[in-house]
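These notes are about the structure you will find just below.
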Amino acid sequence: MDYELLKVIWWVLIGVLLIGFAVTDGFDMGVTALLKVIGRTDSERRVMLNTVGPHWDGNQVWFITAGGAIFAAWPVVYAVAFSGFYWALLLVLFAMFFRPVGFEYRSKMENDRWRNMWDWGLTIGGAVPALVFGVAFGNLLLGVPFELDAFMRSTYTGSFWALLNPFALVAGLVSLLMLCMHGATYLQMRTAGELHDRTRKVAALLAVVVAALFALAGIWLYAGIDGYVITDSVSVGGVMTPLDKTVAVQEGAWLANYSKYPLMMLAPLVAFAGLALTLLMSLANRGALAFVASSLAVTGIILTAGFSLFPFVMPSSLNPSHSLTAWDVVSSHKTLGIMFWVAMIFVPLVLSYTAWGYYKMRGRLTTDFIENNKYSTY
Amino acid sequence: MISENLVDLSRLQFAITAFYHFLFVPLTLGLSFILAIMESAFVMTGKQVYQDMVKFWGKLFGINFALGVTTGLTMEFQFGTNWAYYSHYVGDIFGAPLAIEGLMAFFLESTFIGLFFFGWDRLTRVQHLMVTWLVAIGSNMSALWILIANGWMQNPVGAEFNYQTMRMEMTSFSELIFNPVAQVKFVHTVSAGYVTGAMFVLAISAYYMLKKRDLPFARRSFAIAASFGFASIMSVILLGDESGYEIGDVQKTKLAAIEAEWDTHEPPAAFTLIGLPNEETMETDYAIKIPAVLGLIATRSTTEEVTGIKDLLVEHEERVRRGIEAYALLERMRGGDKADDVVAAFDALKDDLGYGLLLKKYTNNVVDATEEQIKQAARDTIPKVAPMFWTFRIMVGLGFAMFILIGLSFWYSIHHNVEQKRWLLKALIIFLPAPWISCEMGWFVAEFGRQPWSIGEVLPTHLAVSTRSVEDLYMSLAGFIGLYTLLLIAEMYLMIRFARLGPSSLHTGRYHFEQQASAGAAATQPAQAVKDPA
């Protein structure tokens, strides 16, 4: 396979892993973020936790694998983004610490303070990463203040607080509320009774709010945010580093892809259609279909962000020509090729045994079930 | 130039988070197989006690596993946050095993661990048994890929420097996988994990035996752990990874430091059992030596030499000088002079580029290094001998102590009289921390002994760090230590509580505290232990 094609394939594969993460781990993060919002009693909260109990750990591996894949296929991005967004990433990590222990330890003691403490931990573990990922994406669209020296060492000159600008916060809210909606549709499918009714209302409400915020972010991007373009003719199929091109900042450049490749318009359309269907299916009490619709919405929203940036991955506001793009952050031709085949073999395998796991654990959980199995469930 | 403080703090943070992670990993590696063996016994015999064993030890497994997952997250992302230049410089080859670990092993382990805990009523017996085995296989494959990555840091085969991209790039995937250092390390490390799992089950079962409760449960657990543990400790010792220390220059240097082998001796070299290594005089004071043993262990022969530190120093100084030339050529090429003869000259010297980069600690230009700086850079290539010498001996000493304890446990267990050997049961409890101490000492030897390199002979540690401020590091370090301490307290609290409670925590009505409770209820005595923990 030629190098240029592999570069595009790896952009797609990393997109697949990130979407896989948002669609799977996203719903369990949504569930725990809503733990104290929807769950009124201890038994209800336990029902919520146990709907994701057998799955959250496997879901979380999408996040870990996305990290590993970026390391292997886009080492420059792994280096520059993770060290630049140091505090944002540590915040995500610190918040995520509370997930495995929260799930596993919470119900091991019959003590209200103990359980309440871990419930807060789980809430943070779901909400904070969801928010920060959106904020990070918002900042990618705005450009990030970093540059590289001749030996490819990167320096980031921004601060953590600068990440929390208005546009990025809107992006963060889109991400947080989108995953909460996603979690609510999952709960809709897996719970019964009063709790179930509440999840339907929350999912329907959030679908409307997310649609409004997503539209707001789109208008903001169109009207107020400059994009980046590569201005010299680089041969994208060759060996390149981020130092080998010239980039300019241009008004409206983030929307240029949609006129260049009209098919990309499908991404925002799928996002809005997914949100509308989430609303309708929740109102119609069709939990499984609401979850499918919500998964489509999540996919569409992430793809919209990715398509707007393409081929950029992390534009540099400090020195635009040092921006990271899908053409110049990649590993060698050989590594991309090997890792492509690894992904082709293992991603389908993972999907099939994950599906088997979900199939085996299907069905609605009730508070009665929790009370009858209180020593063997979360 | 990069501040020494930043480098030291970044190293400290990595060391603390890695040591902490490895408090949980070995138990996962070992206990997962013990669970699979117990469940196999259940499926084959149909005896309820074996299923109770899987569920109870599975509970403790879960308490430990949660922190293993938590701390593992840090390991995956810390290369990027704190070792950004490292990530850029070697991501092309080092990232591959990490990504494969996720896809091939971690998904397997994590997907099936959920079914292990929640699938008892949803799966057939055979399906559940399969799930348990897949958890064990997944966690051990995870270790394989991580150790392939780590083995490559010690002995970086199958990669070459590319001056255009300023990084190491993969030349051979199979050399990466079949790196002999990685293979030896894998067997040694997972076996040490199995010993940890076995010691854990032995010590806690010994506690029940000393308390004379739940004896059939404790006896069966003890017997399985003793036989599994005995096979594992034999593997740790016989396949001890000292055999890997003759492969590659960094490993040779490490061996010389571990053994305080200052001079190269006539083969086969003597083994210094104990003594006081003296860095000043480059001698080991009061050394007690056993003839020929080191040569046999390290080279598996009586004729090959074990290279001493003094000779390594001479070799390394030569390489620093060649490294300076390589660096000068690299700068010319980066500046745009890509004439064939420049590239050819660089290619001839590029294996020594890493040694040239060692000088970056002293002078940013490298080429203007003074004689004294060159000598200092060469001296930097030898890790401090005393810490290596002692940590290695603590690891090996505890290893032999466990060999004796597990051996005796196995012997008395097959002769059905282990309950009478109360001294042995007590010793097992006292030695419960031994496998963890040994494992951590082993990692200290492997990683401290790799210094000054982050990638052996390729990338010095002080160049590998991210460009962050010292304040960032103080704050993140405080965050890690604070959170990890809180989590460890919660973990130890639950672990001790459930270990004390034993299989009664399953609430089946078949075990000690519940029977005591029903007897106690008749005698109107409150039974404290059953009341609070779930």
Side-chain angles (χ1 to χ4, degrees), chain A residues 53-58 60-61 64-65 67-69 71-73 75-76 78-83 86 89-90 93-94 96-97 100-101 103-105 107-111 150-156 239 241 331-332 334-335 338-339 342-343 346-347 350 353-354 357 360-361 374-377, chain B residues 62-63 65-67 69-70 73-74 76-77 79-82 84-85 87-88 91-93 95-96 98-104 106-108 110-111 113-115 117-119 122-123 162 164-167 169-170 173 334 466-468 472 476 479 483 487 490-491 494 505-507 532-534:
Chain A
H55 310 301
W56 69 268
D57 197 3
Q60 184 163 290
V61 182
I64 293 164
T65 301
F71 200 171
V76 186
Y78 183 85
V80 176
F82 290 10
S83 64
Y86 189 75
L89 201 84
L90 285 189
L93 270 185
F94 290 168
M96 284 179 86
F97 286 171
V101 277
F103 280 116
E104 186 64 35
Y105 295 175
S107 300
K108 286 219 155 38
M109 304 278 297
E110 281 183 54
N111 173 312
F151 280 56
M152 294 284 294
R153 174 181 294 280
S154 74
T155 312
Y156 173 83
V239 174
T241 74
S331 284
S332 62
K334 187 185 183 81
T335 301
I338 291 170
M339 293 309 294
V342 170
F346 285 102
V347 172
V350 166
Y353 61 66
T354 303
K360 283 292 171 185
M361 301 307 299
K374 58 180 174 183
Y375 299 113
S376 59
T377 51
Chain B
I63 294 169
F65 188 79
L67 270 190
V69 173
T70 302
L73 276 172
T74 306
E76 174 88 13
F77 294 93
F79 290 105
T81 53
N82 291 84
Y85 198 63
S87 305
H88 152 70
D92 192 83
I93 183 158
L98 293 197
I100 298 174
E101 187 252 353
L103 279 170
M104 186 190 271
F106 203 46
F107 260 121
L108 193 68
S110 304
T111 304
I113 192 85
L115 292 172
F117 286 118
F118 292 90
R122 301 286 186 117
L123 304 171
N162 179 345
Q164 286 170 297
T165 49
M166 269 307 289
R167 66 182 179 195
E169 292 183 352
M170 192 190 294
F173 187 55
R334 295 291 297 173
S466 302
T467 330
R468 297 296 317 183
D472 282 332
S476 56
L483 286 170
L487 295 178
E491 196 257 10
L494 284 180
S505 62
L506 298 174
H507 294 269
D532 26 355

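Lettering follows sequence order; numbering is per chain, from 1.
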For A:S331 against B:R167, the heavy-atom pair lying closest together: C-NH2, 3.3 Å
Nearest-0.5 Å distance that lies between atom CD1 in B:I93 and atom CD1 in A:I338: 9.0 Å
CD on B:Q164 to OG on A:S332, rounded to 0.5 Å: 12.5 Å
Most chain B-contacting option - heavy-atom pairs closer than 4.5 Å, from A:M96, A:R153, A:K360: A:R153
A:S83 backbone acceptor or donor facing B:R468 side chain under 3.5 Å: yes
Side chain proximity check, B:L494 to A:E104, heavy atoms < 4.5 angstrom: no
Max heavy-atom pair count under 4.5 Å with chain A, selected residue of B:A84, B:G102, B:G80: B:G80
Euclidean distance, B:E76 CD relative to A:L93 CG, rounded to 0.5 Å: 10.0 Å
Nearest heavy-atom neighbours spanning A:M152 and B:T165: CG-O, 4.3 Å
Proximity breakdown for A:T241 and chain B, heavy-atom pairs closer than 4.5 Å: side chain
Heavy-atom pair with the smallest gap, counting every atom of A:F151 and B:H88: O-NE2, 4.3 Å
Straight-line distance of A:L89 CG to B:N82 CG, nearest 0.5 Å: 10.0 Å
Distance-minimising heavy-atom pair for B:S87 and A:P75: O-CB, 3.7 Å
A:T335 side chain vs B:D92 backbone, donor-acceptor pair below 3.5 Å: yes
Donor-acceptor under 3.5 Å (A:Y105 side chain, B:L487 main chain): no
Proximity breakdown for A:K334 and chain B, heavy-atom pairs closer than 4.5 Å: side chain
Criterion side chain to side chain donor-acceptor pair (under 3.5 Å) on B:S466 and A:Y86, from CA distance to verdict: CA-CA 10 Å; B:S466 302; A:Y86 189 75; over 6 Å; no
Ring geometry between A:F71 and B:F79 (parallel below 30°, tilted from 30 to 60°, perpendicular above 60°): tilted
Atom group of A:M339 that falls short of 4.5 Å from chain B, counting heavy atoms: side chain
Which portion of A:V101 sits near chain B, non-hydrogen atoms under 4.5 angstrom: both
Partner chain A: residue of B:L98, B:L103, B:L506 with the largest heavy-atom pair count (under 4.5 Å): B:L103
Closest contact, heavy atoms only, A:M361 versus B:F118: CE-O, 3.4 Å
Engaged part of B:L123 at the chain A interface, taking heavy atoms whose separation is under 4.5 Å: side chain
For chain A, the option from B:N162, B:L115, B:I100, B:D472 that forms the most heavy-atom pairs under 4.5 Å: B:D472
Residue part contacting chain A, namely of B:L73, when any heavy atom lies under 4.5 Å: both
Interface residue of largest heavy-atom contact number with chain A, from B:M104, B:M166, B:E101, B:R122, under 4.5 Å: B:R122
Part of B:I63 lying under 4.5 Å from any heavy atom of chain A: both
Nearest atoms (heavy-atom pairs only) where B:F77 meets A:F82: CD2-CE2, 3.3 Å
Spacing of CZ belonging to A:F97 relative to CG belonging to B:L483, to within rounding of 0.5 Å: 6.5 Å
Chain A contact via B:F65 - side chain, backbone, both or neither, heavy atoms under 4.5 Å: side chain
